[in-house]
Amino acid sequence: MPPNPSADVVTRELRGKVLLVTIDHAPVNALSADVRRGLLAAIEAADADHAVEAVLIVGAGRNFIAGADIREFGKPPVPPSLPDVCNRIEACTKPVVAAIHGAALGGGLEVALAAHYRIAVDGAKLGLPEVQLGLLPGAGGTQRTPRLIGAAAALDLILSGRHAGAKEALALGLVDRLGSSGDILAEGLAYVHELLAAHAPVRRARDAAALDDGAADRAASLAAVATARAETAKKSRGLFSPLKIVEAVEAAIEQPFDEGLRLERKLFLQCIDSPQRAGLIHAFFAEREVLKAPETRNAKPRALDRIGVVGGGTMGAGIAVAVLDAGLPVTMIERDDESLARGRAHIEKVYDGLIAKGRLGAEKKADIMTRWSGSTSYDALADTDLVIEAVFEDLAVKQAVFAELDRVCKAGAVLATNTSYLDIDAIAASISRPADVIGLHFFSPANIMKLLEVVVPTQVKADVVATAFELAKKLRKTPVRAGVCDGFIGNRVLAVYRSAADAMMEDGASPYQIDAAVRAFGFPMGPFQVVDLAGGDIGWATRKRRAATRNPSARYVQIADRLCERGWFGQKTGRGFYLYPEGSRSGAPDPEVEAIIDAERARAGITPRTFTDEEIVRRYMAAMINEGANVVHEGIALRPLDVDVTFLYGYGFPRYRGGPMKYADTVGLPTILADIREFAKEDPLFWQASPLLVDLVERGADFASLNHTA
Ligand code: 3H9
């Protein structure tokens, strides 16, 4: 007999009158072709076997079923399709019960909804998260869910993609029973026996009554659809699948079940074909791949029980909040009592904000603050396992802090700097234990932003890197491994596309047009809005510091300097590139800024020209991609996907485009290279094609080909 791989991943065992069907496909029981075949065969066998009176489906390991096998999307489909498998489960002539523990997500929940009865235990997570992958539930989820729990609840679940726990699933009507113990098999078998004893009939979600034909029910359901459609059109700017979800759920109300399924299939295939699906699924795998830096495999993290933070400014306080939120104690060091009090006040302000919004109780805040301690003496850090320095961005100042840490910290303590661009090798080399020094580059506000660049200097030990990744996990941050250079991955690439934006501004595009074009691409803000939010003075200080080392032949646009000279630093001063009347956070275009830009163009001898929005995006993206390629080429980023995750999590890159390098592959690298060569005719010094980009184009390869596991 030919080998039957489904036999390994879906096992069948007759337990008395019950056919126990176990899906055992590590790591998460995804519904690969073998699993689908195995499930289908199991139901066929149950129907054909007189000894079987009911079927129980369970998942082995930590989950029921995590959903369709995401790795199969974009490849030629392999039968049987999941909708066919679900329909076959539902059509089974004997009661089929799904016993759910862990994840029952996407296609996993759809399998459960096709079963006739469902039981879930504590810790179960039920949801239809397809929307997060640019999809809609494509195996009956848009048709069975509203029939079981009503249109409004189904729309909420499917459009948000959120997970419901077992209790909520029971309340919603997604499951029929809660198991009282954690033993899913025992709970499932007991439930099946109870159903058999009660002669419970086969009961199909396609016939369920939540969308009754009654006129009132129908009107309420259609109203829920109308509301969802209006909200979705407003909220999911640029996303393809949410409105398709609304359309599919509407069909569940208005059309017979089989018609609805047909529409769902059609819409699902449209989603599968959309570049958004490819971008979102790339993001899903990339954010898991970044966790696999080589050091995390080869070394064990050190202890992380007590954390120190040096500096109580915006960054230090934000980092301290992130640490406190992770349930860890934090010791903050400041130079004097006043600064320390300010540091504590910064932290309290974050929690007071949550209290004001009703998201935190005063008692909880008090409880959290018991884990905070402060001191003006470095000696208070003697016991800490890891210290993060977040003081003024100046090498000498930081080296002085590290000298103190070297003096007081216990052997084996990890000494981290939050510098955004300084040479961490130089910081490490200045103390007696360079192997314990690492960069932890948080993004502001540090308690909110998910990105953590783990900057790996040359002398650092592998277990220190592994500790940094462990810290990221505890803080629920997304770590990206970066090498030491000016700006690491993110800020280095940012500096280049900011220059491209400045050049376009001086050449004739208004900052408002550039921002609008970048927003239309999918970023939440354009580059000049970002300057106004962060504070123009920060970049100005950096530009002044670098003036002496700047290549005198490189183009330097002075418009931002002109604004800063007037004290227009952005939101905090009420004006920057935009005007912010009365503390408003959304700026209005400023004719005076436009006049300054005109004057600067005249000073530079530039005759302004027009740019289309498309031209703006092409230049902006070409600059970002080219520098991203350089960062990979130099080994600053391990792979293109590390650049992608940096931009998705730290710079507002639209997730549905997967990140700049994924986007480059979508457009085609020859097109990007041709653009760069075209732009180089105007400014050959700035537009130098990255050797990696040239090499990939010559080989007919793409960035994805470099995304192997590090
Ligand atoms: C769908 O179902 C479409 C249908 O409606 C219609 C079809 C016609 N496939 O996250 P973890 C891998 S769309 C393949 O670290 P955790 C993951 O890459 C799907 N692989 O574990 C990782 O691999 P590696 C709807 C998958 O315990 C490993 O499993 N479902 C899948 O932190 C462990 O993952 C979803 O969107 C998959 N579906 O969290 C659910 N899922 O070890 C997506 C995971 O090589 N999954 N992997 O890096 C999740 O949300 C989480 O993985 C889960 C476990 C909560 C299940």
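The first residue in the sequence is number 1, and the count goes up from there. Keep in mind that this is a model prediction, so the values were computed, not measured. We count ligands from 1, going down the list as the structure has it; atoms in each ligand are counted the same way.
Taking the centre and axis of the six-membered ring of Tyr117, the NZ or CZ atom of Arg203 falls inside the cone set by 45° and 6.0 Å.
Against a heavy-atom cut-off of under 4.0 Å, Glu110 is close to the following atoms of ligand 1: 4 (C), 5 (O), 6 (C). Residue contact check: Asp69 has heavy atoms under 4.0 Å from atoms 9 (N), 14 (C) of ligand 1. Remark: ligand 1 atoms within the under-4.0 Å shell around heavy atoms of Val28 are 26 (C), 29 (O), 31 (C), 41 (N), 44 (C), 47 (N). Close contacts of ligand 1 with Phe268, meaning ligand atoms under 4.0 Å from a residue heavy atom, involve 6 (C), 7 (C), 8 (C). Against a heavy-atom cut-off of under 4.0 Å, Phe285 is close to the following atoms of ligand 1: 18 (O). Set against the non-hydrogen atoms of Gly106, the atoms of ligand 1 under 4.0 Å away are 2 (O), 25 (C). Residue Arg71 has at least one heavy-atom neighbour below 4.0 Å for each of these atoms of ligand 1: 18 (O), 23 (O), 45 (O). Heavy-atom proximity to Pro137, at under 4.0 Å, picks out these atoms of ligand 1: 5 (O).
The residue from Pro129, Gly107, Gly141 that puts a heavy atom closest to atom 36 (O) of ligand 1 is Pro129. Here atom 49 (C) of ligand 1 lies nearest to Arg288 when heavy atoms of Lys125, Arg288, His163 are compared. Closest heavy-atom approach to atom 38 (N) of ligand 1 within the set Ala68, Gly61, Gly67: this belongs to Ala68. With Phe73, Phe284, Phe64 as candidates, the residue nearest to atom 46 (N) of ligand 1 on a non-hydrogen basis is Phe284.
Shown here are the salt bridge (Lys or Arg N to Asp or Glu O under 4.0 Å) partners of Asp665, two or more places apart in sequence or in another chain: there are none.
Inside a 4.0 Å radius of atom 32 (O) of ligand 1 there is not any protein heavy atom.
For ligand 1, none of its N or O atoms has an N or O atom of Arg265 under 3.5 Å away. For a threshold of 3.5 Å applied to N or O pairs, the pair formed by Lys292 and ligand 1 contains at least one separation below that value. For ligand 1, the polar-atom distance check finds no N/O of Leu135 at less than 3.5 Å from any of the ligand's N/O atoms. The N/O atoms of Leu133, backbone and side chain alike, include none that comes under 3.5 Å of an N/O atom in ligand 1. Backbone and side-chain nitrogen or oxygen atoms of Gly138 are examined, and one is located within less than 3.5 angstrom of a nitrogen or oxygen of ligand 1. Between Glu130 and ligand 1, a contact under 3.5 Å exists for at least one N or O pair.
Regarding atom 30 (N) of ligand 1, its nearest protein heavy-atom neighbour is Ala66 O, 2.8 Å. Among all protein heavy atoms, the one lying closest to atom 28 (C) of ligand 1 is Pro27 CG, 3.5 Å. When only non-hydrogen protein atoms are considered, atom 50 (O) of ligand 1 lies nearest to Leu105 CD1, 3.8 Å. Looking only at protein heavy atoms, the nearest one to atom 9 (N) of ligand 1 is Ile70 N, 2.9 Å.
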Next item on the list: Could you check Arg639 against Glu289 for salt bridge (charged side-chain N to carboxylate O under 4.0 Å, His left out), going step by step and ending with a plain yes or no?
Entry: CA-CA 10 Å; Arg639 300 147 297 189; Glu289 269 322 297; 3.8 Å; yes
Margin query: Does Glu259 form a salt bridge (charged side-chain N to carboxylate O under 4.0 Å, His left out) with Arg262? I'd like the steps, not just the answer.
Written below: CA-CA 5 Å; Glu259 288 297 313; Arg262 259 192 289 281; 2.7 Å; yes
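For the pair Leu113/Leu174, a side-chain contact is recorded, criterion being any heavy-atom separation below 4.5 Å from C-beta on. Side-chain contact between Pro95 and Val192 is absent, with no heavy atoms from C-beta onward closer than 4.5 Å. Residues His441 and Phe488 form a side-chain contact, since some pair of their non-hydrogen atoms from C-beta on lies under 4.5 Å apart. Looking at Leu386 and Leu304, their side chains come closer than 4.5 Å, going by heavy atoms from C-beta outward. When side chains are defined from C-beta on, Asp24 does not count as touching Asp8, because their heavy atoms never get closer than 4.5 Å.
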Extract all donor-acceptor atom pairs below 3.5 Å that involve side chains of residues 125-133 and protein atoms in other chains or at least two apart in sequence.
unit_1, atom_1, unit_2, atom_2, d
Gln132, NE2, Ser160, O, 3.4

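Under 3.5 Å, the side chains of His282 and Asp644 contain a donor-acceptor pair of N or O atoms.
Taking a cutoff of 4.0 Å between a charged side-chain nitrogen and a carboxylate oxygen, Asp258 and Arg206 qualify as a salt bridge. Residues Asp305 and Lys474 are not paired through a salt bridge, judged by the lack of any N-O separation under 4.0 Å between the basic side chain and the carboxylate. Using a 4.0 Å cut-off between charged side-chain N and carboxylate O, Glu264 and Arg144 make no salt bridge.
Under 4.0 Å from ligand 1, the heavy atoms of Arg62 that appear belong solely to its side chain.
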